[in-house]
Amino acid sequence: MPKKTIEDIDVKGKRVLLRVDFNVPLDVNTGAISDDSRIQASLPTIKYLIDHKSRIILCSHLGRPKGNVVENLRMAPIAQRLSQLMDVPVSTASDCIGQEVESKVETLKEGDILVLENLRFHPEEEANDADFARKLASLADIYVNDAFGTAHRAHASTVGVAKYLPTVAGFLMKKELEMMEKFLHDSARPSVCLIGGAKVSDKIELLQNMLRRVDILLVAGGMAATFLKAQGYEVGRSLIENDKLGLARKLLQEAQEWRVPFLLPIDVVVAEEIKAGAPTRIVPTTDIPSGSHIVDIGPQSIELFCSELKKCRTIMWNGPMGIYEIPQFAQGTRSIASFLSTLNAITIIGGGSSAEVVQEMGLTDKMTHVSTGGGASLRFLEGVALPGVEILLDKE
Ligand code: ADP
Ligand code: MG
């Protein structure tokens with residue numbers, strides 16, 4: 001990796017401002033952490049800093065408090081979970097800058113961890129306010145960015161602070177970047193990108209960039225309807241982005257010019273209503289009833305996609321095959337996840353929803369890499385430079 005990491009800097013005894021992405025999902029009813037994989041993912045960095053006797057000042061955002069103090073978005077439960085996972089004491093502060101934080105930082109001994117309060121309680125965080133960034137930075141000697149999931153956002157704690165401190169990547173940031181980088185520039189061929197999810201408009205740049213990088217493109221999910229319609233098929237009441245039909249045609253044509261097979265579902269599951277319990281039918285894509293919605297890919301499409309995936313040595317998967325939130329419409333997504341978990345190929349899971357399914361099915365360890373950053377990985381795969389990565393020091 002061309003960027004410096006914590007292994008390239010002397011952290012011993014230093015006050016390290018560690019930005020992590022501990023924006024974990026919370027149970028809507030109880031407020032309890034429903035999935036701590038984002039905390040788990042940064043443990044190697046935290047452990048390294050403890051072992052190397054740093055004084056760790058850990059910070060993150062949680063949820064969308066929009067610049068206000070929101071009681072159920074405090075960092076204390078996260079700090080507590082971290083303490084359990086690491087089996088070390090972890091202290092907290094009631095803010096992320098100011099007098100109280102400064103005195104707590106002063107008492108930190110080598111290997112101690114202080115978790116700052118939710119950064120987004122201050123509107124200055126998302127505004128990347130220079131004064132706020134300077135105050136945060138003044139707490140530390142070194143800045144370590146391990147928040148890959150927030151690296152596509154130029155905020156005070158992901159970009160602003162780097163102006164004042166030597167800035168290096170943590171191990172999670174390093175791993176994420178190396179995986180994506182390798183996929184884009186040096187993947188074992190043939191390579192395939194399987195793209196699903198809701199809309200074409202969310203993934204235009206991804207589709208365009210992938211056309212130039214992979215050997216096969218497989219497209220499903222809600223966006224497949226726009227491509228099918230662009231090819232002249234009837235897609236019933238499925239959500240169509242009419243203003244993207246021209247672009248869809250252009251992408252299909254570009255794929256031909258690049259000689260990249262661009263495969264769409266050949267059969268789909270349709271329902272008259274998008275709700276649990278709605279009666280469903282499996283139909284060929286040439287024969288979608290006018291009153292119905294595409295809600296998932298059908299068994300022949302699953303078979304077709306799996307036979308293509310099987311040919312490849314590198315697989316990137318971004319976005320669900322259907323409306324997987326409704327279990328009845330999750331078969332396509334779940335079958336693909338299971339199949340990928342059996343392959344010997346390099347399997348990288350990029351999208352937020354696809355990662356969630358893999359996690360929920362307990363298949364994370366069977367994949368080569370499941371990204372912790374849906375939005376950030378999408379931007380990266382589009383070929384866009386991430387602000388939170390740009391600020392890392394270059395290796396000499
Ligand atoms: P990811 O987070 O994995 O990148 P997206 O955010 O692009 O994926 O899309 C996820 C959403 O796509 C899910 O909420 C899912 O319900 C929706 N989706 C998938 N297939 C369809 C479909 N056929 N019709 C409507 N929505 C769909
Ligand atoms: Mg998403």
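Order of appearance sets the numbers: ligands from 1, and atoms from 1 within every ligand.
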- [ ] Would you tell me whether K203 and N318 have side-chain atoms, one donor and one acceptor, within less than 3.5 Å of each other?
- [x] yes
Task: Any side-chain donor near an acceptor of the partner, E100 and S94, under 3.5 Å - done: yes
- [ ] Let me see the working for K311 and E308 under salt bridge (Lys or Arg N to Asp or Glu O under 4.0 Å), right down to the final yes or no.
- [x] CA-CA 5 Å; K311 293 179 194 162; E308 294 298 319; 2.9 Å; yes
Open item on the list: Can a side-chain donor-acceptor contact be found between Q359 and T364 if the only test is distance below 3.5 angstrom?
Closed with: yes
Open item on the list: Listing request: all salt bridge (Lys or Arg N to Asp or Glu O under 4.0 Å) pairs with a residue in residues 313-338, at least two apart in sequence or in separate chains.
Closed with: R334-E360
Task: Residue R153 excluded, over 12 heavy atoms near CZ under 6.0 Å - done: no
Open item on the list: I'd like the residue list for ligand 1, meaning every protein residue with a non-hydrogen atom under 4.0 Å from the ligand.
Closed with: G197, A198, K203, G221, G222, I294, N318, G319, P320, G322, I323, Y324, E325, G351, G352, S353, S354
